[in-house]
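Working notes, structure below.
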Amino acid sequence: MWNLLDKQEVDIIVRHGTFFKKFNKPTTYFTMLRDPVDRVISTYSYMRSYEREPLLEQMQNVTLTEFIDYMGREDLGNRPYHKKDLRNIRFRTVNMATRYLSGGDPNDYKKALKNMNNEMSFVGITDYYNESLYMLEKQFEWFHVKDVKKVNVTSKRLDVNEIPDDLIKEIKRLNKLDIKLYNKAKRDFIRKWGRFSAEELQHLKKWKAAKGL
């Protein structure tokens, strides 16, 4: 996505790791939401494999169960710790979408939902990534979408289907607000996609074929 944004002929500010904020000039916002459970599993795998990850060495000895235990430690609060402190796991995993969209509070679902509904001109879904790119290209008249290749793909990531049900249940419990946001956004996305005409769906099919998607 970053590579795609870099290719556009307009001013785009990418906020990744920075909470939602308004600017003192005309601005339009968009975001992409990911299934919270999939995101947590991906984060665990990423932190164990990415060579520039501050916790890489320590994470080699952290099981998924221990990782989720850190997520559930309410005594750690909702603040960041030193980048090489394992206690930072909670801050980096629990209700992240809610935190970003609310402006910093992982428990403020109402504000996150309000910002998503009122401030975001587009909300994409990673489960429908190609369709999201198509809609973004159409809405914002983007360029060079066909030139974008997959990068930053985590190797050796865990398969969600192989994870014990009790761990999945705990991840869901700890990210229940993110799940609410994600499900709302996904329903809206599918509803919007469902309003495509037969001609638009045919165009989408040709668009994906032309880009090898």
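We number each residue from 1, following the sequence as shown. These numbers come from a predicted model, not from an experiment.
How far CG of Asn95 is from CZ of Arg90: 9.0 Å, rounded to the nearest 0.5 Å. Atom NZ of Lys184 and atom CE of Met116 lie 5.0 Å apart (nearest 0.5 Å). Put simply, CD on Gln202 and OG on Ser197 are 10.5 Å apart, with the number rounded to the nearest 0.5 Å. Of the inter-residue distances, the one linking Glu137 atom CD with Gln8 atom CD reads 8.5 Å to the nearest 0.5 angstrom. Between the CD atom in Glu199 and the CG atom in Leu201 there is a gap of 10.5 Å [rounded to 0.5 Å].
Under the 4.5 Å side-chain criterion, counting only non-hydrogen atoms from C-beta, Tyr182 is in contact with Asp127. Proximity of Ile179 to Asn183: side-chain heavy atoms (C-beta onward) are separated by under 4.5 Å at one or more points. Contact annotation: the side chain of Asp35 never approaches that of Lys186 to less than 4.5 Å [non-hydrogen atoms, C-beta and beyond]. Looking only at side-chain heavy atoms (C-beta outward), Met96 and Thr43 stay at 4.5 Å or farther from each other.
Nearest heavy atom pair, residue Pro54 against residue Lys84, reads O-CG, 3.6 Å. When all heavy atoms of Thr63 and Tyr44 are compared, the pair lying nearest together is C-OH, 3.3 Å. Residues Phe30 and Met32 come closest through the heavy atom pair CE1-CG, 4.5 Å. Across all their heavy atoms, Leu33 and Ala97 have their closest contact at CD2-CB, 4.0 Å. Across every non-hydrogen atom of Pro106 and Leu177, the tightest pair is O-CD1, 3.4 Å. Taking both residues in full, the closest heavy atoms of Arg34 and Asp38 are given as NE-OD2, 2.9 Å, listed atom of the first, atom of the second, then distance.
Under the side-chain contact (heavy atoms from CB on, under 4.5 Å) criterion, Val40 pairs with Phe67, Met71, Ile171, Asn175, not counting sequence neighbours. Every residue was checked against the salt bridge (Lys or Arg N to Asp or Glu O under 4.0 Å) condition with Arg99, not counting sequence neighbours, and none meets it. For Leu167, the side-chain contact (heavy atoms from CB on, under 4.5 Å) partners two or more places apart in sequence, or in a different chain, are Leu64, Thr65, Ile68, Ile163, Pro164. For Arg191, the side chain to side chain donor-acceptor pair (under 3.5 Å) partners are Asp188, not counting sequence neighbours. Asp6 pairs by the side chain to side chain donor-acceptor pair (under 3.5 Å) definition with nothing, not counting sequence neighbours. Every side chain to side chain donor-acceptor pair (under 3.5 Å) that Arg92 has, sequence neighbours left out, goes to Glu53. Under the side-chain contact (heavy atoms from CB on, under 4.5 Å) criterion, Lys176 pairs with no residue, sequence neighbours left out. In this structure Thr93 satisfies the side chain to side chain donor-acceptor pair (under 3.5 Å) test with no other residue, sequence neighbours excluded.
For residues 104-113, no pair satisfies side chain to side chain donor-acceptor pair (under 3.5 Å), with sequence neighbours left out. Note on residues 70-92: no pairs pass ring pair (Phe, Tyr, Trp, His ring centres under 6.0 Å), not counting sequence neighbours. Residue pairs meeting the salt bridge (Lys or Arg N to Asp or Glu O under 4.0 Å) criterion with at least one member in residues 57-74, sequence neighbours excluded, are Arg73-Asp75.
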Give the intermediate values and the outcome of side-chain contact (heavy atoms from CB on, under 4.5 Å) for residues Glu131 and Phe189. CA-CA 10 Å; Glu131 289 77 10; Phe189 183 90; 4.0 Å; yes

- [ ] Give the intermediate values and the outcome of side-chain contact (heavy atoms from CB on, under 4.5 Å) for residues Met59 and Ile89.
- [x] CA-CA 10 Å; Met59 282 296 298; Ile89 289 174; 4.1 Å; yes

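Taking the six-membered ring where the residue is Trp, the centroids of His203 and Tyr134 are separated by under 6.0 Å.
Surrounding NZ of Lys192 are more than 12 heavy atoms belonging to other residues, nucleotides or ligands, all under 6.0 Å away. More than 12 heavy atoms of other shown residues, nucleotides or ligands fall within 6.0 angstrom of atom CG in Asp166. By the neighbour-count criterion of 12 heavy atoms within 6.0 Å, atom CG of Asp159 is densely surrounded, having more than that number from other residues, nucleotides or ligands.
Residues Leu56 and Met47 fall into different hydrophobic clusters, defined by Ile, Leu, Val, Met, Phe, Trp and Tyr side chains chained together at heavy-atom separations under 4.5 Å.
The closest donor-acceptor contact from the side chain of Asn88 to the backbone of Lys83 lies at 3.5 Å or more, if one exists at all. Looking at Ser49, its side chain does come within 3.5 Å of a backbone N or O of Ser45 through a donor-acceptor pair.
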Could you give the side-chain donor-acceptor pairs of residues 119-126 under 3.5 Å, partners two or more places apart or in another chain?
unit_1: Glu119; atom_1: OE2; unit_2: Lys22; atom_2: NZ; d: 3.0
unit_1: Ser121; atom_1: OG; unit_2: Thr28; atom_2: OG1; d: 2.7
unit_1: Ser121; atom_1: OG; unit_2: Tyr29; atom_2: O; d: 2.8

